[in-house]
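Report on the following structure.
Chain identifiers are assigned alphabetically (A, B, ...) following the order of the sequence lines, protein sequences preceding nucleic acid strands; residue numbering begins at 1 within each chain.
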Amino acid sequence: MVARDLLGRLLVRRLDGEVLVARIVETEAYQQDDPASHSYAGRTARNEVMFGPAGFLYVYFTYGMHYCMNVVTGRVGEGSAVLLRAAEPVSGTAVMARRRGVSSARLLCSGPARLTQAFGVARTENGLDLVDGNELWIAAGRRTPDVGVAVGPRVGIRRAADVPWRYWVAGSPFVSRGGPAARG
DNA sequence: CGTTGGATTGGCT
DNA sequence: GCCAATCCAACGC
């Protein structure tokens, strides 16, 4: 499963002559036959990228002010993606802090919208190639071993709320607020 | 064409 | 813990 395999991988961003790196610590899977997925009702201008080839970036705007980023995963025409929910800053943290307006490392990328803000990802970046790209891409890093992976229901959705398709690095202080820390 | 509510966050109680 | 902020896609009439 791509969502699980992305834990421990590195998200790399070239921005303003600097290089930002963060280790992915929280993801969620969204599939075609999934009532909670943007692709569930079919192809639209907004979710177009989800139906393209795997390895590309799907960015959407929500709550009137936030962007979230996904890695497209399915076959062409399928409409599946993995939401990147949180990451642990590795380098370029000064740039992230400036973009976020906070200094605490824990607040830089610990949420889907925080991550896009720290990495300078918005509508313009929708559709970028995350495998062969040179602005934003995912590097191998070190895949988190099974013993370090926790699984649970996805955050902030109403439909298919019980399906355990959220993955995170157990015990990481860099996971999102809506994540495991907020639950009993 | 009007209404509704969202894959969130930060600030206030 | 609760709620406003603020745009826009989806859906109902």
Separation of [N] [atom2] from [X] [atom1] (nearest whole Å):
X: A/Tyr67; N: C/dT6; atom1: OH; atom2: C1'; answer: 12 Å
X: A/Arg166; N: B/dT8; atom1: CZ; atom2: P; answer: 11 Å
X: A/Asn47; N: C/dC8; atom1: CG; atom2: C1'; answer: 14 Å
X: A/Tyr63; N: B/dG5; atom1: OH; atom2: C1'; answer: 8 Å
X: A/Glu26; N: B/dT8; atom1: CD; atom2: P; answer: 10 Å
X: A/Tyr60; N: B/dG6; atom1: OH; atom2: P; answer: 12 Å
X: A/Tyr40; N: C/dA9; atom1: OH; atom2: C1'; answer: 17 Å
X: A/His66; N: B/dG5; atom1: NE2; atom2: C1'; answer: 15 Å

Subject >> Listed once per pair and sorted, the salt bridge (Lys or Arg N to Asp or Glu O under 4.0 Å) pairs that draw on residues 118-143 of chain A, sequence neighbours left out >> reply: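 Output for this query lists A/Asp5-A/Arg143, A/Arg13-A/Glu125, A/Arg13-A/Glu135.
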Original post:
Rounding to the closest angstrom, what is the interatomic distance between C/dG1 and B/dA7 at atom P?
Top reply: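 Nearest-Å result for C/dG1 against B/dA7 at atom P: 22 Å.
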Check whether any side-chain N or O of [X] sits under 4.0 Å from OP1 or OP2 of [N], and answer yes or no.
X: A/Arg177; N: B/dG11; value: no
X: A/Thr44; N: C/dA10; value: yes
X: A/Arg123; N: C/dC8; value: yes
X: A/Arg158; N: B/dG6; value: yes
X: A/His38; N: C/dA9; value: no

Subject >> Neighbour count above 12 (heavy atom, 6.0 Å) for A/Phe61 CZ >> reply: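 Buried by this count: over 12 neighbours within 6.0 Å.
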Original post:
Is the CZ atom of A/Arg43 crowded by more than 12 outside heavy atoms at less than 6.0 Å?
Top reply: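 It does: A/Arg43 CZ has more than 12 such atoms within range.
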**OP:** Assess the pair A/Tyr58 and A/Tyr60: is the distance between their ring centroids shorter than 6.0 Å?
**Re:**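 Yes: the rings meet the under 6.0 Å criterion.
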**OP:** On DNA chain C, check which nucleotide each of A/Gly42 and A/Phe61 is closest to and give me the residue with the more 5' one.
**Re:**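 Closest to the 5' end, via its nearest nucleotide, is A/Phe61.
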**OP:** Before accepting this row, confirm whether a basic side-chain N of the pair A/Glu28/A/Arg154 lies closer than 4.0 Å to the acidic partner's carboxylate O.
**Re:**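 Looking at A/Glu28 and A/Arg154, the cut-off is not met.
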Original post:
Charged N to carboxylate O under 4.0 angstrom, A/Arg4 versus A/Asp146?
Top reply: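 Salt bridge flag = yes for A/Asp146 with A/Arg4.
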If we ignore hydrogens and angles and just use 3.5 Å, is the side chain of [X] paired with the main-chain N or O of [Y] as donor and acceptor?
X: A/Ser80; Y: A/Gln31; value: no
X: A/Asp34; Y: A/Ala36; value: yes
X: A/Asn47; Y: A/His38; value: yes

Original post:
Do any of residues 79-87 of chain A sit with a heavy atom less than 4.0 Å from DNA chain B, and if so which?
Top reply: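 Within this stretch, A/Leu83, A/Arg85 sit under 4.0 Å of the strand.
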**OP:** Go ahead and write out DNA chain B as dot-bracket, 5' to 3': ( ) for pairs within the strand, [ ] for ones crossing earlier pairs, | when the partner sits on another strand, dots for unpaired; Watson-Crick or G-U wobble, both distances under 3.5 Å.
**Re:** ||||||.|||||.
